[in-house]
Amino acid sequence: MQRRVILGTGGTIAGRSDRQGDNVGYVAGEVRVEDLMARIPALSDMSLEVEQVDQIDSKDMHFGLWKRLAERVAHHLAREDVAGLVITHGTDTLEETAYFLEKVLRPNKPVVLTCAMRPSTALVPDGPQNLLDAVNVAGCVDLSGVVVVCAGMVHRAEHVVKVHSYRVDAFDSGDAGPVACVEEGEVRWFHSSRRGSAYAAGGTALLEQVLSADALPRVDIVTSHADTDGGLVRALLAASAVDAAHLPRGLVVAATGNGTVHRDLEAALREAQLRGVRVIRSTRCARGRVIPDAKNPLRDSAGLSPVKARLALALDLLSE
Ligand code: ASP
């Protein structure tokens with residue numbers, strides 16, 4: 001039961017620059033995952049299996065790759081000889097992929113996403129340590145669910161968010177905090193519960209719906225800000241009067257503060273709601289959640305950030 005599978009998808013961890021030490025002018029998703037692993041001596045005597053699922057910059061993540069990844073992860077999770085999985089991924093949309101896999105697969109074993117903020121050609125790349133830490137977390141027999149490992153910290157898929165554009169400790173779990181840290185290969189837990197959501201052997205109904213869909217139902221995100229007039233939402237409504245395909249099935253508003261929305265944008269969103277568009281309020285605040293308010297006609301995001309609320313709504317719509 002000690003075998004771990006490493007799935008490569010690209011990202012800065014697999015990035016290469018023509019000029020050694022250039023942390024900005026590089027191309028993501030260039031180096032194969034087995035070549036990244038070959039640079040980490042501690043991995044050489046472990047039972048590891050490698051699969052290059054794709055090689056992309058995660059800013060370009062798309063439903064097709066999410067589907068393929070979900071299928072490959074489900075395949076390996078169902079194997080008795082596999083203890084856990086590691087997925088190398090770009091940092092830009094890592095929290096979305098982590099949340100997607102958690103929702104769709106409900107894994108009963110560790111699925112550990114890891115990444116880097118510096119390309120493999122950096123003077124001091126952060127990828128090798130992150131990958132080694134992730135492999136160690138994937139070997140935790142009492143851990144289940146999707147987690148993210150970066151800069152020595154372990155974050156749950158539901159809470160993790162990229163909070164820094166450049167620093168190597170780019171991720172945070174907001175008020176929930178990280179669940180563990182990794183110190184010299186040892187995982188030190190901050191909480192007693194290491195169980196994620198329950199896994200239905202053989203895949204969940206949602207997984208089957210995802211695998212047979214061509215696309216997720218369209219859900220867009222709009223931001224509430226000073227001096228808005230809701231014009232973007234009204235333009236969508238006007239376009240959909242000509243061609244119904246322009247009408248999104250859902251809209252998430254990245255609202256101000258505790259879910260407050262500029263009155264003109266709110267009026268446009270209420271109009272969209274009357275046209276059958278599902279509208280969810282999240283917050284553009286870096287921390288905290290929208291406190292549920294039964295009197296508000298626009299539902300809150302149950303603590304999810306705008307990008308995760310978008311995914312949750314799209315998956316809900318898919319399964320209806
Ligand atoms: N653009 C890169 C990606 O998300 C950034 C990174 O990995 O840090 O693939």
Side-chain angles (χ1 to χ4, degrees), residues 6-37 39-40 50-70 72-73 85-102 111-135 137-138 146-155 157 159-174 178 182 216 221 286 305-308 310-311:
I6 322 293
L7 304 178
T9 70
T12 293
I13 191 169
R16 184 165 30 217
S17 166
D18 292 339
R19 279 192 315 128
Q20 212 216 346
D22 184 350
N23 292 327
V24 179
Y26 63 89
V27 181
E30 289 273 295
V31 183
R32 293 186 65 77
V33 69
E34 60 259 39
D35 295 333
L36 298 174
M37 290 166 64
R39 300 173 196 174
I40 309 171
V50 184
E51 193 176 315
Q52 189 77 48
V53 179
D54 209 330
Q55 194 62 295
I56 69 158
D57 185 321
S58 83
K59 73 179 176 60
D60 300 322
M61 182 52 71
H62 53 92
F63 183 62
L65 179 49
W66 273 345
K67 263 173 70 168
R68 193 147 25 104
L69 204 48
R72 296 316 295 151
V73 174
L85 281 89
V86 171
I87 302 170
T88 58
H89 197 287
T91 59
D92 287 342
T93 56
L94 182 131
E95 69 216 56
E96 292 171 68
T97 299
Y99 184 72
F100 174 83
L101 293 175
E102 176 68 42
V111 175
V112 186
L113 276 77
T114 195
C115 56
M117 289 295 285
R118 304 277 177 265
S120 67
T121 46
L123 289 181
V124 185
D126 53 327
Q129 186 68 54
N130 285 346
L131 184 48
L132 177 58
D133 288 348
V135 171
V137 173
V146 181
V147 294
V148 167
V149 167
C150 182
M153 305 309 280
V154 185
H155 305 270
H159 301 126
V160 69
V161 57
K162 185 174 178 181
V163 290
H164 206 281
S165 59
Y166 182 74
R167 276 192 344 221
V168 293
D169 59 339
F171 288 88
D172 195 81
S173 284
V182 193
L216 282 174
I221 301 175
S305 66
V307 289
K308 288 181 190 170
R310 188 197 85 84
L311 256 172

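Start at 1 and go down the list; that is how both ligands and their atoms are numbered.
Not a single donor-acceptor pair under 3.5 Å links the side chain of D126 to the backbone N or O of A116. Using modelled atom types, no side-chain atom of D57 and backbone atom of G29 make a donor-acceptor pair closer than 3.5 Å.
The minimum heavy-atom distance between L311 and F100, with the atom names listed, is CD2-CD1, 3.9 Å.
For atom 9 (O) of ligand 1, the closest non-hydrogen atom of the protein is S58 N, 2.7 Å. The single protein non-hydrogen atom nearest to atom 3 (C) of ligand 1 is D57 OD1, 3.2 Å, given as residue, atom name and distance. If you check which protein heavy atom lies closest to atom 8 (O) of ligand 1, you get T91 OG1, 2.5 Å. The closest protein non-hydrogen atom to atom 6 (C) of ligand 1 is T12 OG1, 2.7 Å.
Of the polar atoms of K162, none of the N or O atoms is found under 3.5 Å from an N or O of ligand 1, judged by distance alone. Ligand 1 has no nitrogen or oxygen under 3.5 angstrom from a nitrogen or oxygen of A28.
Interface atoms of ligand 1 facing A116, defined by a heavy-atom separation under 4.0 Å, are 6 (C), 7 (O), 8 (O).
When each of L85, L7, I6 is tested with E51 by the rule side-chain contact (heavy atoms from CB on, under 4.5 Å), just one qualifies, namely L7. A side-chain contact (heavy atoms from CB on, under 4.5 Å) with T97 holds for exactly one of V148, L113, V146; it is L113.
In this structure, R118 is positioned above the aromatic face of Y166, its NZ or CZ under 6.0 Å from the six-membered ring centre and within 45° of the axis.
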